[in-house]
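One structure coming up, written as structure tokens, with questions to follow.
No hydrogens, no waters, no symmetry mates; every other heavy atom, side chains included, goes into these values. None of the values given here were measured: they were computed from a predicted structure.
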There are 2 protein chains.
Amino acid sequence: MTYDPKYENKLRESGLRPTKQRIKICEVLFNSTETFHFTIKDLVKIIENQANIKVSLATVYNTVHAFNKKGYLKEIPINSSQSYYDTNISHHHHFFDEDENKLIDIDQNDVDEVMIKKTIPGKKIKSIEVIAKIVTDN
Amino acid sequence: MTYDPKYENKLRESGLRPTKQRIKICEVLFNSTETFHFTIKDLVKIIENQANIKVSLATVYNTVHAFNKKGYLKEIPINSSQSYYDTNISHHHHFFDEDENKLIDIDQNDVDEVMIKKTIPGKKIKSIEVIAKIVTDN
DNA sequence: TCAACAGATTAGAATGATTTTAATGTATGT
DNA sequence: ACATACATTAAAATCATTCTAATCTGTTGA
């Protein structure tokens, strides 16, 4: 079977075979150029509503994990019972709206580059994330 | 019953009555001037090893939550199945060592102040956290 | 093309952190 | 010392995530 090569490549490069279920996941995640912040539950709900096929939770989890590992998705560090992912993998940061439990992008240009002077012997910095928690301003 | 006023105040200001169990939790958390990064499981383990009294999980959770809410503890935003807390509530940031699942403080002076230009109408920034993930440097 | 097999899918079970419950105990103001 | 509001507790419930093991499918080489 052949699939949209756009998605097929992403999958193969993430170490996954293209299958109906995974292509469907790709369609939801990568169809639009817009940033998309989601939890696994969100993703499953969207697939259920759109799709003619059923995708099991296990498949959603392992596909998202593979994309995250490969760097096609980014997991956002926030304290929440669920993991949040972002389809915008460019270097940028986030507001986390604590009233609504919602992430909002902060463009790279809206934050001066974070310079960390401290170093740890034998370790290198893999990523730097800025999370600004916001609440209603009264 | 009367207790060490140092801990009694912290508890009362967090909206909690001082009790044997909560004082014990305070002793573990606030005895030292040193920074202490911990999970609930860590805390329970330390109490079990040190204490002559038993403290239930529920009590540990609700006491830690009250301190966090009041600001005597800070929850650190990282992606982990468990929540991490820090007894160092001064303005500072963190490395998260992904090899060892361990937090390391980064002093405020080791990071230039993070300035965010973007604003969200009706919202104010409550906190800004920088998390730098580190891994073994090969 | 097609058999064989490595990898994928699935429902459901297992895990593990956290929260809730409901019965019993205790600090505190009067 | 009493009444009562708040605490404590063990155990159950919840919920995201991971694992399992049976079944299925994409892929490769003959």
Cation over ring face, A/Lys10 and A/Phe30, 6.0 Å, 45°: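 So A/Lys10 does make the cation-pi contact.
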side-chain contact (heavy atoms from CB on, under 4.5 Å) partners for B/Lys24, two or more places apart: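 Only B/Glu27, B/Val28, B/Ile47, B/Gln50, B/Ala51, B/Ile53 meet the side-chain contact (heavy atoms from CB on, under 4.5 Å) criterion with B/Lys24.
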Atom-to-atom span, NZ of A/Lys45 to C1' of D/dC15 - whole angstrom: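 Rounded to whole Å, this separation is 14 Å.
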Whole-Å distance separating the CZ atom of B/Arg12 from the C1' atom of C/dG29: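 Nearest whole value for this atom pair: 12 Å.
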Phosphate OP1/OP2 of C/dT9: any A/Arg22 side-chain N/O under 4.0 Å: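 It does, given that an N or O in the side chain of A/Arg22 lies less than 4.0 Å from OP1 or OP2 of C/dT9.
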Footprint string (nucleotides 17-25 of chain D, 5' to 3'): B base within contact, S backbone only, - free, heavy atoms under 4.0 Å: BBB------
Rounded distance (Å) that lies between atom C1' of C/dT18 and atom CG of A/Asn79: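 One finds 13 Å between C1' of C/dT18 and CG of A/Asn79, rounded.
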Sequence-distant partners of A/Ala132, side-chain contact (heavy atoms from CB on, under 4.5 Å), two or more places apart: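 Scan of A/Ala132 (side-chain contact (heavy atoms from CB on, under 4.5 Å), adjacent residues dropped) gives A/Phe95, B/Ile116, B/Ile125, B/Ile128.
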Atom pair distance, as rounded to whole Å: CZ in B/Phe38 and C1' in C/dT18: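 For the pair B/Phe38 CZ and C/dT18 C1', the rounded distance is 15 Å.
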Salt-bridge present (A/Lys123, B/Asp99; N to O < 4.0 Å):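 Between B/Asp99 and A/Lys123 there is a salt bridge, with a charged N closer than 4.0 Å to a carboxylate O.
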Atom-pair distance (CG on A/Leu16; C1' on C/dT9), nearest Å: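 The distance from CG of A/Leu16 to C1' of C/dT9 comes to 13 Å, rounded to the nearest Å.
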Spacing of A/Glu8 atom CD relative to D/dT27 atom C1', expressed in whole Å: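 Rounded to whole Å, this separation is 11 Å.
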Plane angle bin for A/Phe38 and A/Phe36 - parallel if under 30°, tilted between 30 and 60°, otherwise perpendicular: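 If you compare the ring of A/Phe36 with that of A/Phe38, the planes turn out parallel.
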Rounded distance (Å) that lies between atom P of D/dC6 and atom CD of B/Gln21: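 It works out to 18 Å between those atoms.
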Length of the CD1-P vector between B/Ile47 and D/dT8, whole Å: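 My rounded result for the distance is 11 Å.
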Flag for B/Asn88-B/His37: side-chain donor and acceptor within less than 3.5 Å: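 Result is no, nothing qualifies.
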Distance below 4.0 Å between B/Lys54 side-chain N/O and D/dA10 OP1 or OP2: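 So the side-chain polar atoms of B/Lys54 do come within 4.0 Å of the phosphate oxygens OP1 or OP2 of D/dA10, strictly under.
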